Novice: 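Attaching a single structure in structure tokens format; questions to follow.
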2 protein chains.
Amino acid sequence: MLQLRDLPTQEVLQRFAQRYPAADVTAIASFLMLLRVATDLSVALDACLSKHDLLQGRWWVLILLMRETDLTSTPSVLAEKLGVTRATMTGLLDGLEQGGLVQRISVPEDRRSVKIKLTAAGQAKLDAVMPDYYTRLRLCMQGLSEQQRNDLQAILGVIDHGMSAWDFNQSI
Amino acid sequence: MLQLRDLPTQEVLQRFAQRYPAADVTAIASFLMLLRVATDLSVALDACLSKHDLLQGRWWVLILLMRETDLTSTPSVLAEKLGVTRATMTGLLDGLEQGGLVQRISVPEDRRSVKIKLTAAGQAKLDAVMPDYYTRLRLCMQGLSEQQRNDLQAILGVIDHGMSAWDFNQSI
DNA sequence: TTGACATAATTAGCTAGCTAACTATAATGA
DNA sequence: TCATTATAGTTAGCTAGCTAATTATGTCAA
């Protein structure tokens, strides 16, 4: 995503706003900082997972499976929940199956389909990773009050809602 | 980054927190929503730029060049400011130079180095893209009060600062 | 001055995601 | 019924980023 280390100064933003009247300086500053912090978090997460021989994509799949009461799902459902294509999911599952963390089980009722099940090794991997991840995340967020956490979620909700305006205009 | 469409319910979070005592439920929920919204914004930005035959990486380079009063920089400085490797920057500049949006100019004083200059066509490209981008961004953020924009930036600042704790623990 | 090191940019080859095309199976309606 | 369409999963090939190695040039201390 965006790794921009060098956020624009107020002076630069003003200069851009002068050339482009559509600019909303505080909107831009907030947007850039949002992208920057989110990217930094994602990179830090990658670093944490790599110490457990995992990559984000595969790790999210394990988590999605653990959410299911029977530890089971299908490639299409997993792909949709993770927001990747089914082709990508095939690759993620190949890697996980090769590592013994998930198991492909054929489905007699619908022979097109496959069940994906979290194995004991997969659960064990999560049991190793999650405490590490949760601990880091807690430390990282501990400077935020409950009020600020609520505020953050509310603000992000507004932005998320506002994105329909962005998409609407894609027809220009 | 994270495209997780399916954020965990409170019930799922509680279940995970029971298994993993290190879990801080509101921290996790805030974190996931932050990654999700940021990713959605980044994807929307990609869609906007692609209509102008641009990709994020190349576009950020153009912006970094426009920030300079002489519209000029070097590959290393651009790479550092954008947070990519110099190898990646070489590729970005190749694409931009081929499209005539930037120009490589040799530097007699230090023959290892190259100056990169935004061309008139590059400036024209920005003049076409930026109003579109700024307009979408404004619409997207218009639901946020000035107070909320300030809150957001303050909160992100706290998280960014908290990430030193994350990194500190990487030595585990 | 010259050998060791540092720096700027590039090239080569890897990876994880993508799209598009394909195979196999299931569902549907004239 | 059976031709059409939809669905599940996979494969093949593309892209943008990465790391590591390479080339060329500059710097500095013995």
Side-chain angles (χ1 to χ4, degrees), chain A residues 1-5 35 39-40 42-47 49-50 53-62 72-99 102-117, chain B residues 1-5 35 39-40 42-47 49-50 53-62 72-99 102-117:
Chain A
M1 218 169 70
L2 168 68
Q3 280 274 63
L4 196 63
R5 308 312 307 168
L35 284 191
T39 302
D40 287 350
S42 182
V43 169
L45 178 55
D46 284 334
L49 294 176
S50 76
D53 293 315
L54 273 177
L55 296 168
Q56 260 194 66
R58 294 182 188 176
W59 177 66
W60 290 118
V61 172
L62 295 182
T72 298
S73 187
T74 68
S76 335
V77 170
L78 289 170
E80 190 177 354
K81 286 187 174 177
L82 190 52
V84 300
T85 63
R86 278 174 299 176
T88 297
M89 185 52 63
T90 295
L92 293 174
L93 293 173
D94 284 348
L96 288 168
E97 190 179 35
Q98 196 167 347
V102 307
Q103 193 181 357
R104 279 186 171 94
I105 303 172
S106 58
V107 178
E109 308 88 85
D110 183 344
R111 291 168 54 196
R112 291 170 303 179
S113 189
V114 174
K115 277 203 305 183
I116 304 296
K117 179 157 192 177
Chain B
M1 219 170 69
L2 169 68
Q3 280 273 63
L4 196 62
R5 307 313 307 167
L35 285 192
T39 303
D40 287 350
S42 182
V43 169
L45 178 55
D46 284 335
L49 294 177
S50 76
D53 294 315
L54 273 176
L55 297 167
Q56 258 194 68
R58 294 182 188 177
W59 178 67
W60 290 118
V61 172
L62 295 182
T72 297
S73 187
T74 69
S76 337
V77 170
L78 289 169
E80 190 177 354
K81 287 187 174 176
L82 190 52
V84 299
T85 63
R86 276 176 297 180
T88 297
M89 185 53 63
T90 295
L92 293 174
L93 293 173
D94 284 348
L96 287 168
E97 190 180 36
Q98 196 167 347
V102 307
Q103 193 181 357
R104 279 186 171 95
I105 303 172
S106 58
V107 178
E109 309 88 84
D110 183 345
R111 290 168 53 196
R112 293 170 304 180
S113 187
V114 175
K115 279 202 305 183
I116 305 297
K117 179 157 192 178

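Note on naming: letters A, B, ... go to the chains in the order of the sequence lines (proteins, then strands), and numbering restarts at 1 for each one. Treat the numbers as computed from the prediction; the structure is a model and nothing was measured.
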Novice: Excluding sequence neighbours, so at least two apart, what forms salt bridge (Lys or Arg N to Asp or Glu O under 4.0 Å) with A:Arg104?
Specialist: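 A:Arg104 satisfies salt bridge (Lys or Arg N to Asp or Glu O under 4.0 Å) with A:Asp94, A:Glu97 once adjacent residues are dropped.
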Novice: Step by step, work out the salt bridge (charged side-chain N to carboxylate O under 4.0 Å, His left out) result for B:Arg58 and B:Asp53.
Specialist: CA-CA 10 Å; B:Arg58 294 182 188 177; B:Asp53 294 315; over 6 Å; no
Novice: Does C:dA8 have OP1 or OP2 sitting under 4.0 Å from an N or O in the side chain of B:Arg104?
Specialist: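 It does not, given that no N or O in the side chain of B:Arg104 lies less than 4.0 Å from OP1 or OP2 of C:dA8.
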Novice: Take the protein atom CZ of B:Arg112 and the nucleotide atom P of D:dT25, then report the distance between them rounded to whole Å.
Specialist: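 Taking atom P of D:dT25 as the reference, CZ of B:Arg112 is at 10 Å.
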Novice: Can you name the salt bridge (Lys or Arg N to Asp or Glu O under 4.0 Å) partners of B:Arg86, sequence neighbours left out?
Specialist: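 For B:Arg86 there are no salt bridge (Lys or Arg N to Asp or Glu O under 4.0 Å) partners, ignoring immediate neighbours.
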Novice: For A:Ser42, check side chain to side chain donor-acceptor pair (under 3.5 Å) against everything at least two apart and list the hits.
Specialist: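 So A:Ser42 forms a side chain to side chain donor-acceptor pair (under 3.5 Å) with A:Gln56.
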Novice: What is the distance, to the nearest angstrom, from the CD atom on A:Glu109 to the P atom on D:dA8?
Specialist: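 The answer, rounded to whole Å, is 14 Å.
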Novice: When you measure only distances, ignoring hydrogens and angles, does the side chain of A:Arg111 come within 3.5 Å of the base of C:dT25 through a donor and an acceptor?
Specialist: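 Checked by distance alone, the answer is no.
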Novice: How would you summarise protein contacts on nucleotides 11-19 of chain D per nucleotide, using B for base, S for sugar-phosphate only and - for none, with heavy-atom distances below 4.0 Å?
Specialist: B----SSBB
Novice: Nearest-Å distance, NZ (B:Lys115) to P (C:dA8)?
Specialist: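 Interatomic distance, NZ of B:Lys115 to P of C:dA8: 16 Å.
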Novice: Taking salt bridge (Lys or Arg N to Asp or Glu O under 4.0 Å) as the definition, give me every residue that meets it alongside B:Asp110, ordered by chain and number, with sequence neighbours left out.
Specialist: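 If we apply the salt bridge (Lys or Arg N to Asp or Glu O under 4.0 Å) test to B:Asp110, skipping adjacent residues, the hits are B:Arg112.
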Novice: Could you list the residues that satisfy side chain to side chain donor-acceptor pair (under 3.5 Å) with B:Gln103, not counting sequence neighbours?
Specialist: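 Residues passing side chain to side chain donor-acceptor pair (under 3.5 Å) with B:Gln103: none at all.
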Novice: Output the rounded distance in Å from CD (B:Glu80) to C1' (C:dT7).
Specialist: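 Whole-Å distance recorded here is 13 Å.
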